[in-house]
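Report on the following structure.
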Amino acid sequence: MAHRPQDPEGNTLSRDGWLIMAAPFGRLLLLTLVLFCCGSGCGSGLRAAEAEEAEDCRHLRLGQYLCRDPKIDESTQEPENCRDGVAFVDCLPAPNVTCRLSNGTEVRFSGDEVGFNRTVACRNVTGYSYKVAVALSLFLGWLGADRFYLGYPALGLLKFCTVGFCGIGTLIDFILIAMQMVGPADGSSYIVDFYGARLTRLSITNETFRKPHLAL
């Protein structure tokens, strides 16, 4: 004969009574399963987040790294490692950021280690000082000293023979040099203090984006 379940007082339970008694245990088991699944999902999410953080250090977003200022050469007032118009600076990922170096090594940074390099623009200079050029044009421009200094001997000789084109050429050259419209003959840039006033030339080429005109 099959044994039928009984309540704590020894009374035999019917099927409905047995289901009522078992319901709390079922809810407890269901809650346990839900918590277990949530824990597993959260763990997977954390592991996925960690894997997502371990990306290439060069792809870090703004605020996740800090790049140092370039080391400036006192004689040229440009970054020491300037080559072909660009220079490299060291960038340090923020503390507790994990990313991969260029060699594939995954590193968790403390904020003091170099993670990657960025390029900054620099200028090609060959020794012509902006201050010297302006001073020569102002005081000795009528003798052509400014043009001789910048590498234009023919114009310098012509200014010397005509006393600066009777002063008119002297004034024009002073304005052009002061505005950095006239530079060294070799195409290089003036030596200007790193945080000094510099002229940025804007030009339009065939590769410049042009906004199309709207049809009337």
Sidechain-backbone polar pair: Tyr149 side chain, Ser129 backbone, donor-acceptor under 3.5 Å: yes
Answer yes or no: is there a donor N or O on one side and an acceptor on the other, between the side chain of Lys159 and the main chain of Gly141, under 3.5 Å? yes
Provide the closest heavy-atom pair for [X] versus [Y] in the form atom of the first, atom of the second, distance.
{"X": "Ser188", "Y": "Thr126", "value": "OG-OG1, 2.8 Å"}
{"X": "Ala185", "Y": "Gly151", "value": "CB-O, 3.3 Å"}
{"X": "Phe160", "Y": "Leu143", "value": "CB-O, 3.4 Å"}
{"X": "Thr98", "Y": "Arg108", "value": "OG1-NH1, 3.3 Å"}
{"X": "Leu136", "Y": "Ala145", "value": "CD1-O, 4.1 Å"}
{"X": "Ala133", "Y": "Tyr190", "value": "CB-CE2, 3.8 Å"}

Atom [atom1] in [X], atom [atom2] in [Y]: separation rounded to 0.5 Å?
{"X": "Ile172", "Y": "Ser137", "atom1": "CD1", "atom2": "OG", "value": "11.0 Å"}
{"X": "Arg68", "Y": "Arg118", "atom1": "CZ", "atom2": "CZ", "value": "15.5 Å"}
{"X": "Gln77", "Y": "Ile191", "atom1": "CD", "atom2": "CD1", "value": "8.5 Å"}
{"X": "Asp146", "Y": "Leu140", "atom1": "CG", "atom2": "CG", "value": "8.5 Å"}
{"X": "Cys91", "Y": "Asn117", "atom1": "SG", "atom2": "CG", "value": "7.0 Å"}
{"X": "Arg123", "Y": "Thr76", "atom1": "CZ", "atom2": "OG1", "value": "9.5 Å"}

Is there a path of hydrophobic side-chain contacts, each under 4.5 Å between heavy atoms, that joins [X] and [Y]?
{"X": "Leu157", "Y": "Val182", "value": "no"}
{"X": "Val114", "Y": "Leu66", "value": "no"}
{"X": "Leu150", "Y": "Val132", "value": "yes"}
{"X": "Phe139", "Y": "Phe148", "value": "no"}
{"X": "Val120", "Y": "Leu60", "value": "no"}

Would you please indicate yes or no on a ring centroid separation below 6.0 angstrom for Phe116 and Tyr65? yes
Does the side chain of [Y] come within less than 4.5 Å of [X]'s, by heavy atoms?
{"X": "Val134", "Y": "Phe174", "result": "yes"}
{"X": "Asp73", "Y": "Glu80", "result": "yes"}
{"X": "Val89", "Y": "Lys71", "result": "no"}
{"X": "Val107", "Y": "Glu113", "result": "no"}

Would you please test Leu158 and Tyr152 for side-chain contact (heavy atoms from CB on, under 4.5 Å) and show each step? CA-CA 10 Å; Leu158 189 58; Tyr152 304 95; over 6 Å; no
If the condition is ring pair (Phe, Tyr, Trp, His ring centres under 6.0 Å), which residues does Phe109 pass it with, not counting sequence neighbours? none
